Protein chains: 2
Amino acid sequence: MKYIDKLRNSGLRPTKQRLQICEVLFNTERTFHFTINELEKKIKDKIDSKISLATIYNTVHAFEKKGYLKQIPVNSNQTYFDTNTTNHHHFYNLKDGKLIDLENSDVGPINIKRKIDGKKIKSIEVLVKLED
Amino acid sequence: MKYIDKLRNSGLRPTKQRLQICEVLFNTERTFHFTINELEKKIKDKIDSKISLATIYNTVHAFEKKGYLKQIPVNSNQTYFDTNTTNHHHFYNLKDGKLIDLENSDVGPINIKRKIDGKKIKSIEVLVKLED
DNA sequence: AATCAGTTTATAATGGTTCTAAACAACTGT
DNA sequence: ACAGTTGTTTAGAACCATTATAAACTGATT
Ligand SMILES: [Mn+2]
Ligand SMILES: [Mn+2]
Ligand SMILES: [Zn+2]
Ligand SMILES: [Zn+2]
């Protein structure tokens, strides 16, 4: 019920698959980061029916376009997504490829002094790479 | 001559291909950003002989490992490299996928207050996404 | 219920990157 | 200079995350 309106209001039909993916992504204590492969595993664990990989991709991209997910820029062969769509920064643990949220109070304001003509700043993202 | 010592000192044999790639990458007025595809085109334009794609990949990765190139984390289906290996930040023009260097004086120091046990900070990179 | 538009799915295609293994080129020691 | 050794290049194949395809299906609308 909780996600039916959210989907309808976004112009997305509340299908069984999308509602199940919503449960996995948004019905959680805390936000989290994931790759499509990790999400696929999570979905398999949480539900008994099967959702095709194509649908997982379609849904993640639909949710990203609607602003319910965002991509995190990291150097990897896989795309990282975040269910935390607020402006925030990240630690990136090179050892295991895991992201950790930095609270804004952990970083302090980023002041970009330079401007590019005819361009607006869409986002400012800090990535702090961690090694042992 | 200029790059022969650089390569030898790095434990890399100064082959014809590596020297040619050095010319394209490092014998320039300014540093620049590139994808492998763009580098391949640049090499084709600058030299008449052909260098195989595998060698371009091998060389770029060898140079990256030696610290003569670095990867820039962006959300893209291609890996972005930078011949500017100093600590600096970037604008990323979403329209055309081009990176622009931000001088450190354009950003001001980034102060990461939080620490992760047993981990060292390897790098801090700011990506400023630009839209129209 | 009939229709329409949107969605799911299995599967194929795409494309950047990496692997393979054979040919080749640079170094070393003599 | 030569032979032996090791590192490098190469064409092509393999890999694999992602996207495209198009037929079956489902939800919304009348
Ligand atoms: Mn990569
Ligand atoms: Mn991608
Ligand atoms: Zn996050
Ligand atoms: Zn740069």
Side-chain angles (χ1 to χ4, degrees), chain A residues 1 3-24 33-44 47-66 68-81 97, chain B residues 1 3-24 33-44 47-66 68-81 97:
Chain A
M1 318 290 115
Y3 300 110
I4 292 181
D5 293 339
K6 179 176 182 173
L7 290 171
R8 280 226 185 81
N9 295 340
S10 312
L12 299 171
R13 288 188 183 171
T15 64
K16 186 181 58 159
Q17 291 86 344
R18 281 178 180 158
L19 290 168
Q20 289 175 327
I21 294 174
C22 277
E23 290 292 329
V24 174
H33 310 99
F34 64 93
T35 64
I36 295 286
N37 272 352
E38 291 166 355
L39 179 59
E40 193 188 13
K41 284 197 204 87
K42 238 176 208 194
I43 290 170
K44 273 190 192 130
I47 70 179
D48 36 342
S49 51
K50 189 191 304 174
I51 299 179
S52 84
L53 186 57
T55 296
I56 298 175
Y57 273 100
N58 289 341
T59 302
V60 165
H61 286 141
F63 287 1
E64 187 196 4
K65 184 170 284 180
K66 295 300 177 183
Y68 303 141
L69 293 173
K70 66 174 188 179
Q71 276 188 240
I72 306 300
V74 289
N75 295 126
S76 164
N77 43 342
Q78 291 184 84
T79 303
Y80 280 72
F81 293 90
Chain B
M1 317 292 114
Y3 299 110
I4 291 182
D5 293 341
K6 178 176 183 173
L7 289 171
R8 280 226 185 81
N9 294 339
S10 312
L12 298 171
R13 288 185 183 174
T15 63
K16 186 181 58 159
Q17 291 86 344
R18 282 178 180 157
L19 290 168
Q20 288 174 326
I21 294 174
C22 277
E23 289 293 330
V24 174
H33 310 98
F34 64 91
T35 64
I36 296 286
N37 272 351
E38 291 166 355
L39 179 60
E40 193 188 14
K41 285 197 203 86
K42 236 175 210 198
I43 290 169
K44 272 191 192 130
I47 69 178
D48 36 344
S49 51
K50 189 190 306 177
I51 299 180
S52 84
L53 187 55
T55 296
I56 298 175
Y57 272 99
N58 289 342
T59 302
V60 165
H61 286 142
F63 287 1
E64 186 196 5
K65 185 170 283 181
K66 295 300 177 184
Y68 303 142
L69 293 173
K70 65 175 187 180
Q71 276 188 241
I72 306 300
V74 290
N75 295 124
S76 165
N77 44 341
Q78 291 184 83
T79 303
Y80 280 72
F81 293 91

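Everything numeric in this text was worked out from a predicted model, so none of it was measured. All values below were derived from every heavy atom in this structure, side-chain atoms included, with hydrogens, water molecules and symmetry-related copies excluded. Convention: sequence-line order gives letters A, B, ...; per-chain numbering from 1.
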Calculate the interatomic distance between [X] atom [atom1] and [N] atom [atom2]; express it in whole Å.
X: B:Lys50; N: C:dC24; atom1: NZ; atom2: P; result: 16 Å
X: A:Lys66; N: C:dG6; atom1: NZ; atom2: C1'; result: 13 Å
X: A:Asn37; N: D:dC15; atom1: CG; atom2: C1'; result: 14 Å
X: B:Leu19; N: C:dA26; atom1: CG; atom2: C1'; result: 12 Å
X: A:Glu40; N: C:dA10; atom1: CD; atom2: C1'; result: 14 Å
X: B:Phe63; N: D:dT8; atom1: CZ; atom2: C1'; result: 12 Å
X: A:Asn77; N: C:dG15; atom1: CG; atom2: P; result: 19 Å
X: B:Ile56; N: C:dT17; atom1: CD1; atom2: C1'; result: 13 Å

Shortest non-hydrogen contact between B:Lys70 and B:Glu64, atoms and distance: CA-CG, 4.4 Å
Minimum-distance pair of heavy atoms, taken over all atoms of B:Gly97 and B:Tyr80: O-OH, 2.7 Å
First encountered from the 5' end of DNA chain C, between A:Ala54 and B:Ile36: A:Ala54
Nearest-nucleotide 5' precedence on DNA chain C, B:Thr35 against B:Leu12: B:Thr35
Side chain to side chain, B:Asn37 and B:Gln78, heavy atoms closer than 4.5 Å: yes
A:Leu39 and A:Phe81, any side-chain heavy atoms less than 4.5 Å apart: no
Return all side-chain donor-acceptor pairs below 3.5 angstrom for residues 7-14 of chain B, not counting sequence neighbours, or 'none' if the list is empty.
from	atom 1	to	atom 2	distance (Å)
B:Asn9	ND2	B:Asp5	O	3.2
B:Ser10	OG	B:Lys6	O	2.6
B:Ser10	OG	B:Tyr68	OH	2.5

Is there a side-chain contact between [X] and the phosphate of [N], meaning an N or O under 4.0 Å from OP1 or OP2?
X: A:Thr79; N: D:dA17; result: no
X: B:Gln17; N: C:dA25; result: no
X: A:Tyr57; N: D:dT18; result: yes
X: A:His61; N: D:dT19; result: yes

Stepwise side-chain contact (heavy atoms from CB on, under 4.5 Å) test for A:Ile21 and A:Phe63: CA-CA 10 Å; A:Ile21 294 174; A:Phe63 287 1; 4.3 Å; yes
Residue mapping more 5' on DNA chain D - nearest nucleotide basis, A:Leu53 or A:Asn58: A:Leu53
For B:Glu23, all residues meeting salt bridge (charged side-chain N to carboxylate O under 4.0 Å, His left out), sequence neighbours excluded: none
Any residue meeting side chain to side chain contact (heavy atoms under 4.5 Å, CB included) with B:Leu53, in chain and number order, not counting sequence neighbours: B:Ile36, B:Glu40, B:Tyr57
Counterpart residues, side chain to side chain contact (heavy atoms under 4.5 Å, CB included), relative to A:Asn58 (two or more places apart): none
Contact state string [nucleotides 24-30 of chain D, B base, S sugar-phosphate only, - no protein heavy atom under 4.0 Å]: --BBS--
Nearest-nucleotide pick for A:Gln78, side chain only, options being D:dA17, C:dT17, C:dA10: D:dA17
Proximity to the side chain of B:Arg18 - top-ranked nucleotide from D:dT8, C:dC19, C:dG16: D:dT8
Net bend of the helix from C:dA1-D:dT30 to C:dT30-D:dA1, end axes of five pairs each, nearest 10 degrees: 30°
Working for side-chain hydrogen bond (donor to acceptor under 3.5 Å, both in side chains), residues A:Gln20 and A:Ser49: CA-CA 10 Å; A:Gln20 289 175 327; A:Ser49 51; 3.2 Å; yes
